[in-house]
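Shown next, in structure tokens, is the structure this report addresses.
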Amino acid sequence: VKSSRTEGAVVVRPYEQEDEPRVLELLTMALGSGPVGNRPPEFFRWKHVQNPFGPSFLMVAVADGRIIGLRAFMRWRLRSGERTLNAVRAVDTATHPEYQRRGVFSLLTRSALEALTEEVDLVFNTPNERSIGGYLKMGWVRAGAVPVSIRVRRPIRFARGLGSVRDSATPVSPPPAIEAERADDVLADEPRLADLLVEDGHRDDRLKTRRDPTYLRWRYGSASGLDYRAVRHSQGSSLRGLTIFRVRPRGRLWESTVSEVIVGPGDHRTARGLLRDVAQAARVDHLACHVPAGSAAAAAVRRSGFLPTPGGIVFTVNVLRSGLSPSPTDLRSWALSLGDVEVF
Ligand SMILES: CC(C)(COP(=O)(O)OP(=O)(O)OC[C@H]1O[C@@H](n2cnc3c(N)ncnc32)[C@H](O)[C@@H]1OP(=O)(O)O)[C@@H](O)C(=O)NCCC(=O)NCCS
């Protein structure tokens, strides 16, 4: 009888490839469908196997011959000035509904932390309201909330649909046509990308994803089902800027999520031009964006009619190596793009 089972009956072990179908079932049961619908195996593999920072650290909990818990830490590389930090991000976590509130999530998370503590500098994540309490109990710190700015394009439709963004409503209108190149095409054949990335955020000591062309191609080019698009601006032979976005439903609304705005230092004019092109590329209800505070892109976002929204995406951190500077538990130490926090 399930209700009589004790915690001692739960075994934690590393994930094996044969677990995939059962793990996807568990994730769907606990979390519903994901950012690309019904959790296709390709998306799971993109996220946990093909990541250029390395395959995820995955553990499962087994009880009564079933997989009843999953814990996933994605490998992530951060940069701060010239330094590289080894991070992991705590992402997919799920406990089978019949086994919740019995410490499975805590057991899995503690076991994973223990295994990684030697090689990893910090853990970060954007937990939901169901898991945040558990993380805080295990030593995580709330660094802050990543603010999201919105630019409304179709005010009446936006006002009507606003109330639906938190429920499971879906748009009544078909997806808008998108007039922009596919990100995987742009990222595959843009030889000037590496130089632009070096310029962008060059003198920034804040913590940020170590972005290189390989990372961008994986993140925005090869994620199955996400359909990222890119707009680039050139001047003569040099690449001045690149922005990456995708069109997604948000409740009943259609949103252009602007994931990256990459320009040279101080070049807010190029950033504004890119944002203008994104706004024109698809007839969405609104655009959403977050770029590092104080950057040229941030100035452009402000001047392009984006307005800050209340709340934001809760960002939590667990520092495993002492003495890190700037302090990862303060959101002001981070230079994040929306693409760093959406999807995962
Ligand atoms: C979130 C989830 C993984 C927690 O799993 P779990 O095995 O039940 O968690 P634990 O038993 O280890 O709980 C640890 C602590 O988390 C908090 N917690 C867990 N479930 C909670 C709930 N439903 N409501 C409020 N707090 C909760 C509690 O503080 C709990 O400690 P306590 O039981 O001593 O009070 C599980 O509820 C789940 O799969 N939810 C659906 C999927 C999901 O939302 N995942 C998070 C994605 S970021």
Side-chain angles (χ1 to χ4, degrees), residues 2-15 19-40 43-44 46-48 51 56-76 87-116 122-146 148 165-168 311-318 331 336 338-344:
K2 266 158 216 143
S3 59
S4 71
R5 53 167 285 288
T6 62
E7 237 160 65
V10 177
V11 175
V12 165
R13 64 157 173 82
Y15 168 90
D19 298 330
E20 189 187 81
R22 291 195 292 165
V23 158
L24 292 176
E25 231 172 81
L26 173 70
L27 281 173
T28 308
M29 193 185 328
L31 282 159
S33 57
V36 294
N38 273 329
R39 301 194 177 270
F43 189 75
F44 185 82
W46 167 77
K47 190 168 170 179
H48 295 301
N51 175 1
S56 297
F57 186 88
L58 293 159
M59 289 186 104
V60 294
V62 180
D64 307 325
R66 297 197 281 172
I67 294 183
I68 53 103
L70 173 75
R71 171 74 278 180
F73 282 0
M74 292 179 81
R75 307 271 176 183
W76 214 257
V88 286
R89 42 196 309 172
V91 289
D92 302 328
T93 183
T95 301
H96 189 288
E98 285 167 24
Y99 295 82
Q100 287 176 7
R101 290 314 280 265
R102 302 184 192 182
V104 172
F105 157 72
S106 311
L107 178 67
L108 278 167
T109 303
R110 287 212 174 87
S111 312
L113 279 182
E114 218 167 274
L116 291 168
L122 65 101
V123 189
F124 69 97
N125 54 335
T126 51
N128 62 15
E129 59 288 345
R130 296 199 53 185
S131 60
I132 188 165
Y135 283 118
L136 296 177
K137 276 190 187 167
M138 286 183 279
W140 264 254
V141 173
R142 194 179 185 283
V146 180
V148 177
V165 297
R166 289 203 182 279
D167 58 37
S168 55
I313 303 165
V314 173
F315 191 84
T316 54
V317 177
N318 188 353
L331 195 58
L336 296 167
L338 191 49
D340 292 319
V341 287
E342 59 131 7
V343 165
F344 295 110

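Counting convention: from 1, in listed order, for ligands and their atoms alike. These numbers come from the heavy atoms of this one structure, side chains and all, not from hydrogens, waters or symmetry mates.
Side-chain atoms of T316 and R142 form no donor-acceptor pair, as typed in the model, at a separation below 3.5 Å. For N51 and W46, the side-chain atoms include no donor-acceptor pair closer than 3.5 Å.
Here the heavy atom of the protein found nearest to atom 41 (C) of ligand 1 is A30 O, 3.3 Å. In this structure, atom 43 (C) of ligand 1 lies nearest to the protein heavy atom L31 CD2, 3.3 Å. Among all protein heavy atoms, the one lying closest to atom 44 (O) of ligand 1 is N128 ND2, 2.9 Å. The protein heavy atom nearest to atom 39 (O) of ligand 1 is T95 N, 2.8 Å. Protein heavy atom closest to atom 15 (C) of ligand 1, with residue, atom name and distance, is G134 CA, 3.6 Å. Nearest protein heavy-atom contact of atom 14 (C) of ligand 1 is S106 OG, 3.2 Å. The single protein non-hydrogen atom nearest to atom 11 (O) of ligand 1 is G103 N, 2.7 Å, given as residue, atom name and distance. At the shortest separation from atom 4 (C) of ligand 1 among protein heavy atoms lies F105 CB, 3.7 Å.
Interface of T93 with ligand 1, defined as ligand atoms under 4.0 Å from a residue heavy atom, comprises 3 (C), 42 (C), 43 (C), 45 (N), 46 (C), 47 (C). Here is the list of ligand 1 atoms found below 4.0 Å of a heavy atom in S131: 1 (C), 46 (C), 48 (S). When each atom of ligand 1 is checked for a heavy atom of R102 under 4.0 Å away, the hits are 11 (O). Residue contact check: A94 has heavy atoms under 4.0 Å from atoms 39 (O) of ligand 1.
No donor-acceptor pair under 3.5 Å is formed between the side chain of R39 and the backbone N or O of P35.
Considering each of R110, R101, R130, the one bringing a non-hydrogen atom nearest atom 22 (C) of ligand 1 is R101.
Of all the heavy atoms in A61 and V10, the pair that sits closest is CB-CG1, 3.9 Å. In plain terms, the two heavy atoms of T93 and L31 that are nearest each other are O-CD1, 4.0 Å.
Ring centroid separation for the pair F344 and W76 comes in under the 6.0 Å cut-off.
Under the 4.0 Å criterion applied to side-chain N and carboxylate O atoms, D92 and K47 are assigned as salt-bridge partners. Look at E25 and R66 and you find no salt bridge, because none of the NZ, NE, NH1 or NH2 atoms lies under 4.0 Å from a carboxylate O.
Between M59 atom CE and D19 atom CG the span is 12.0 Å, to the nearest 0.5 Å.
The proximity of K137 to ligand 1, defined as any non-hydrogen pair under 4.0 Å, is limited to the side chain.
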